[in-house]
Amino acid sequence: MAERYEDSYLYKLRHSAAHLMAQAVQELYPGAKLSIGPPIENGFYYDIDFPAPLKEEDLAKIEKKMKELAKLDMRILRMEVARDDARAMILDETIPGMGTAVAEYKLQLLDAIAEDQVLSFYDQQRTDREGTLHRFIDLCRGPHVETTKEIKFFKLMTIAGAYWRGNVNNKQLTRIYGTAFETQEALDAHLYMLEEAKKRDHRLLGRELGLFMFSPRVGTGLPLWLPKGATLRQTMIEFLQQEQLKRGYEPVVTPHIASIKLYEKSGHIINYRDKMFPFMEDEEKETYILKPMNCPFHIEIYASQMRSYRDLPVRYAEFGTVHRYEQSGEVAGILRCRGFTQDDAHLFVTPDQLQSEFIGVVELMKAVLDKLGLTEFRVRVGTKDPLSDKYVGHDDNWTAATNAITEACDSIGLDYEISPGDAAFYGPKLDLIIKDALGREWQMGTVQVDYNLPERFDLEYIGDDGKPHRPVMIHRAPFGSLERMIGLLTEQYSGAFPFWLNPVQIAILPIADRHIQAAYDIAEALRGPGFKVGAVPADCAHYPAAALAGLGDLRYRVSIDDSRETLGKKIRETQRMKVPFMLIVGDNDIEAGTIGVRSREKGDLGAMTLQAFAAMLPK
RNA sequence: GCCGACAUAGCUCAGUGGUAGAGCAGCUGUUUUGUAAACAGCGGGUCGCGGGUUCGAGUCCUGUUGUCGGCUCCA
């Protein structure tokens with residue numbers, strides 16, 4: 001069994017590197033107040049309250065100081081102390097880096113440690129050749145490496161603001177991120193990996209592959225979808241629509257704006273206002289809202305007529321475009337934008353149907369993940385934070401909804417973790433979390449159980465007892481949003497989308513101008529009528545009709561490279577665009593009724609007939 | 001929104017106070033090509049935007065917008 005990272009030498013090394021950095025900071029910036037400095041997945045950080053703002057160029061200076069200190073070969077000693085002694089030590093003016101002036105955060109940390117916990121400090125010190133004492137003591141659980149001499153291969157990465165204890169209302173401290181490794185090779189490999197990850201960034205690939213763009217004239221976080229990106233979207237939409245039709249969903253379409261009355265009723269105005277675009281007013285002073293969610297519209301449709309228990313479950317699906325005014329610092333390409341399209345649906349079910357419908361939704365999500373080839377994800381069940389008042393609805397409903405989710409997961413054997421505070425304001429939810437190229441986690445698909453909106457809108461169905469009952473709602477989006485899912489898929493595949501999804505599936509490469517007509521003949525056979533035909537030179541031979549026979553009605557997405565370039569150049573460009581298959585057409589092929597096939601992954605596959613090629617294409 | 005960084009041609013970047021450059025892309029011409037970049041020529045920039053310092057600003061200062069890395073928040 002693999003050693004846990006938390007138990008590894010590397011973890012200790014990084015923790016000690018964080019201490020070493022703190023010591024360097026203390027010596028360089030007297031008055032800097034330390035707070036916390038843990039190891040993290042790929043390194044470490046330390047949050048520090050600096051007396052003056054820190055610039056990124058200061059990192060080199062701190063790094064240099066760290067190297068000097070490391071060489072002093074300070075032994076790192078653990079000492080366990082009583083609470084009163086700990087307080088005294090933190091306030092001890094005679095110890096470098098301690099004393100009342102800089103004790104603010106350490107005292108708070110001390111107070112937060114439970115009474116029965118052992119309190120420990122780590123102490124490292126040495127007097128250098130000039131007779132100067134270098135000493136650093138930090139309240140810390142440990143463990144650490146034995147001596148600072150072990151800390152050799154490290155790098156300070158970046159500087160960031162971080163709120164004390166993660167609370168926006170607290171002071172923002174300066175966080176320095178760094179990383180450390182056991183060898184120079186491992187450090188170099190890590191830095192190289194980061195460079196490689198940047199090449200998979202969906203923003204870079206999105207531009208190179210012509211999927212989407214942004215324009216400052218359009219606005220922050222508002223993507224423009226280019227033909228290839230839009231084609232990719234439509235392919236995904238068509239796939240999911242088919243899956244949903246099989247499962248009894250019905251399409252609905254709703255507007256982009258609505259009267260504020262709708263959102264007052266839903267609770268969004270109170271609970272979601274800071275995420276909404278500025279309101280609009282018409283001449284009669286009616287206020288309109290640009291919709292941040294689709295649910296209230298679907299609720300109105302449900303409520304528009306009497307519902308019998310025999311009509312339920314009702315499943316309304318819409319690829320609904322919503323707009324949310326994300327803070328400027330948090331928009332990130334199409335992974336986090338201000339206008340995006342959810343693959344949304346709302347299920348109105350009887351309490352008895354909740355469990356099976358929930359399971360049905362989770363199974364749909366699994367089918368979607370499978371089709372998209374996504375295997376690395378975790379499942380989070382977001383529940384109510386008992387300390388927060390941002391939620392609507394009764395506790396009884398919250399408990400019932402949360403139980404429905406966990407029981408459904410248990411019954412189909414889905415591993416999940418509970419995450420208090422990650423619920424929607426109207427109910428608990430199950431989220432799929434996936435990492436991007438840079439290792440950041442994103443919430444993708446989601447399923448949410450909701451007793452509260454049906455209550456707010458007084459939704460009903462007539463039961464078999466002839467009396468009105470309250471339905472339960474399930475909000476669900478298997479992709480989450482098209483934008484985020486496409487951004488993530490772009491990074492997962494480095495832009496080399498699987499055949500069924502790639503906006504261009506087959507590129508036809510005529511070798512010389514006189515082969516262009518044959519290329520169009522082949523394109524039409526593979527793609528069907530309607531292909532946009534460019535200029536064709538005179539005296540251009542057709543592809544032999546016999547070689548096109550028997551292909552059937554094919555509907556592949558095909559492009560032709562009729563540029564006046566060499567074949568090598570065309571191949572290079574097509575490969576760069578990550579097209580799964582290239583068909584090369586020249587004199588030999590027109591003569592023999594073949595095509596030269598080249599695959600994105602396997603290279604040159606040699607000459608074959610179109611029929612043979614069509615037979616080898618993925619389903 | 002907050003902390004930090006960046007912004008020069010369509011793209012990637014060079015240019016450390018003294019006449020704005022390269023490669024790729026584009027256009028034109030020649031070449032008509034068999035599995036990852038043919039050759040030559042040409043065009044292209046209010047150096048993100050506004051103020052300031054200076055004899056002189058892409059370069060220094062300042063404000064602002066956009067983007068990037070974090071924090072907080074989320075699909």
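Lettering follows sequence order; numbering is per chain, from 1.
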Inset, instruction - Can you check each nucleotide of nucleotides 28-34 of chain B against protein heavy atoms at under 4.0 Å and return B for base, S for sugar-phosphate only, - for none, in 5' to 3' order? - result: ---BBBB
Inset, instruction - Could you run through nucleotides 60-73 of chain B and give me one letter per nucleotide, 5' to 3': B if any protein heavy atom sits under 4.0 Å from the base, S if only the sugar-phosphate is that close, - if neither? - result: ------SSSBBBBB
Inset, instruction - Mark up nucleotides 40-45 of chain B, 5' to 3', with B wherever a protein heavy atom is under 4.0 angstrom from a base atom, S wherever such an atom reaches only the sugar-phosphate, and - elsewhere. - result: ------
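Nucleic acid contact class of A:M582 (heavy atoms, under 4.0 Å, all strands): none. Counting non-hydrogen atoms under 4.0 angstrom, A:L54 reaches the backbone sugars and phosphates but no base. If you check every strand for non-hydrogen atoms under 4.0 Å, A:Q575 touches a base.
Listed pair A:Q342 / B:rA75 fails the phosphate criterion, with no side-chain N or O lying under 4.0 Å from OP1 or OP2.
For A:R14, the side-chain hydrogen bond (donor to acceptor under 3.5 Å, both in side chains) partners at least two apart in sequence or on another chain are A:Y5. Considering only residues two or more places apart in sequence or on other chains, A:Y493 meets the side-chain hydrogen bond (donor to acceptor under 3.5 Å, both in side chains) condition with none of them. For A:I237, the side-chain contact (heavy atoms from CB on, under 4.5 Å) partners at least two apart in sequence or on another chain are A:Q241, A:F319, A:L482. A:D539 is linked by a side-chain hydrogen bond (donor to acceptor under 3.5 Å, both in side chains) to nothing, counting only residues two or more places apart in sequence or in another chain. In this structure, A:K55 has no side-chain hydrogen bond (donor to acceptor under 3.5 Å, both in side chains) partners at least two apart in sequence or on a different chain.
If you check the side chains of A:K570 and A:Q575, you find no donor sitting under 3.5 Å from an acceptor.
Side-chain atoms of A:R338 stay outside donor-acceptor range of the base of B:rC74, with no qualifying N/O pair under 3.5 Å. A donor and an acceptor atom sit less than 3.5 Å apart, one in the side chain of A:R598 and one in the base of B:rA36.
A straight line from OH of A:Y45 to C1' of B:rC3 spans 15 Å, rounded to a whole angstrom. Separating the CG atom of A:L482 from the C1' atom of B:rA75 is a distance of 11 Å, rounded to the nearest angstrom. We find that CG of A:D604 is positioned 8 Å from P of B:rA36, with the value rounded to whole Å.
Every pair passing salt bridge (Lys or Arg N to Asp or Glu O under 4.0 Å) that includes a residue from residues 584-601 of chain A is listed here, sequence neighbours excluded: A:R514-A:D587. Screening residues 217-228 of chain A for salt bridge (Lys or Arg N to Asp or Glu O under 4.0 Å), with sequence neighbours left out, gives no hits. Pairs passing the salt bridge (Lys or Arg N to Asp or Glu O under 4.0 Å) check and including a residue from residues 379-388 of chain A, sequence neighbours excluded, read A:R380-A:D422, A:R380-A:D431, A:K384-A:D395.
Separation of the A:H323 and A:F340 ring centroids does not fall under the 6.0 Å cut-off.
A cation-pi arrangement, defined by a distance under 6.0 Å to the six-membered ring centre and an angle within 45 degrees of its axis, is present between A:K291 and A:F297.
Checking B:rG4, B:rA75, B:rU35 against every side-chain atom of A:K429, the shortest atom distance belongs to B:rA75.
Per the stacking criterion (ring centres < 5.5 Å, plane angle < 30°), A:W442 does not stack onto the base of B:rA75.
In summary, A:R233 and A:E483 engage in a salt bridge, as defined by a charged side-chain N under 4.0 Å from a carboxylate O. Between A:R336 and A:E330, at least one side-chain N (NZ, or NE/NH1/NH2) sits under 4.0 Å from a carboxylate O, which counts as a salt bridge.
In RNA chain B, stems built from 3 or more consecutive Watson-Crick or G-U wobble pairs, each with both distances under 3.5 Å, span B:1-7 with B:65-71, B:10-13 with B:21-24, B:26-30 with B:38-42, B:48-52 with B:60-64.
Counting non-hydrogen atoms of other residues, nucleotides and ligands closer than 6.0 Å to CZ of A:R378 gives a total above 12.
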